[in-house]
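Whatever order the structure lists them in is the order used to number ligands and atoms, beginning at 1. FYI, the numbering just counts along the sequence from 1. Only heavy atoms go into these numbers, but all of them, side chains included; no hydrogens, no water, no symmetry mates.
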Amino acid sequence: MEDPGVQLRGWWERTRPVSRLHARALARRWAELPESARTPAQLVGRHALGCEGTHGVFPKCNLTCSPCYHSHDANKVRVDGAHTVAEVDAQMTYLEETRGPHGHAQLIGGEVSLLDPDAHAETLLAMRRHGREPMSMTHGDFDDGYLASVVLGPDGRPRLPRVSFAGHFDSLMRGRRGVPRPRGEADLAPYRRQFVAMFRRLRSEHGVPSYLAHNMTVTPRNLPEVAEAVRTTVPMGFDMLSFQPAAFVGDERRWRE
Ligand code: SF4
C-alpha cells in the first residue's frame with residue numbers, strides 16, 4: 001500500500017485548480033511568446049499550452065497532393081512500427097518534461113493508416129501514458145477493417161478508450177480512391193460523409209466513441225469554395241472544422257501556385 005503521506009500529497013496536487021507542473025509549463029510558454037503575441041486575449045501561456053505534434057517519425061504517404069508538407073525524403077526512410085512506437089515515445093517524454101503532464105498531441109508527419117494497426121494502437125497508448133490525448137492525422141482513405149484492427153485488441157475487445165482522428169479532405173489532394181483528381185470541394189462530400197459514418201459504426205458496433213476534426217488546406221485555388229464546403233460539411237457530424245492556409249514548407253516540387 002502506498003505511503004499515506006505520498007497519497008495525501010498526490011491528492012493535494014490533483015485537487016489544485018492548476019497543478020504546479022502545469023503552472024510552471026504555462027509560465028515557460030508565456031515567456032517564450034513574442035512580445036507582440038502577449039495580448040490581453042492570449043490564452044497560450046495563461047490557460048493553455050497550445051497543441052503538440054509528433055515530428056518526422058513516419059514520413060510516408062500514398063497520396064500525391066500539391067501542396068504537401070512532407071520533405072523530399074518522404075517515402076525514402078524507415079517507417080516501420082517498432083521505430084514509430086519508440087521514436088514517438090521519446091518525443092512524448094520530451095514533451096512531458098518540457099510542457100507538463102497533460103496535453104493534446106497529434107500523431108502526424110506521415111499517413112497513420114499506413115502504419116501497421118498494432119503499431120498505430122501501441123503508439124497511441126504510448127502517447128496516453130505520457131498524459132497526451134492523441135489525435136491521428138489522416139487522409140481518411142481507409143476502411144472499417146483498418147479502423148477496427150487499430151481500436152480492437154487481439155481478443156476483439158477495445159484496447160483504446162476513445163479515438164480522435166483529423167481527416168484531411170480538400171480538392172488539392174491527389175490519389176484518393178474513387179476521386180483521384182477532384183474537380184472541386186463538392187466532389188469530396190461523399191468521402192467526408194463516409195469518414196464520419198465509419199466512426200459512427202465503430203461506436204455502435206464496439207462502443208468506442210470518437211472525436212473527429214475536418215482539416216482543409218486553403219490556397220487561392222480553393223479559397224472561393226470554403227464557404228460552400230463549410231455549409232455542406234458542418235451537418236455531416238464532424239466535431240470541428242479547421243482551415244490551414246498553405247505554408248511554403250516541405251517539398252517545393254509539390255507547389256503549383
Ligand atoms: S498532404 Fe497529406 S495526404 Fe496529401 S500527400 Fe501529403 S501527407 Fe499525404
**Request:** Could you pull out all residues at least two apart from F58 that satisfy ring pair (Phe, Tyr, Trp, His ring centres under 6.0 Å)?
**Result:** none
**Asked** Which residue pairs pass the salt bridge (Lys or Arg N to Asp or Glu O under 4.0 Å) test when at least one of the two sits in residues 31-44, sequence neighbours left out?
**Response** R29-E32, E35-R38
**Fill in**
Residue pairs passing the salt bridge (Lys or Arg N to Asp or Glu O under 4.0 Å) test with at least one member in residues 110-139, sequence neighbours excluded, are E52-R132, D118-R159, R128-E133, E133-R162
**Asked** Would you find a donor on one side and an acceptor on the other, under 3.5 Å apart, between the side chain of D3 and the backbone of V6?
**Response** yes
**Message:** Using only atom types and a distance under 3.5 Å, with no angle test, would you say the side chain of D239 pairs donor to acceptor with the backbone of L212?
**Reply:** yes
**Fill in**
Listed as residue and atom, the protein N/O/S atoms under 2.8 Å from atom 8 (Fe) of ligand 1 are C61 SG
**Message:** Is the distance from the ring center of Y191 to that of F169 below 6.0 Å?
**Reply:** no
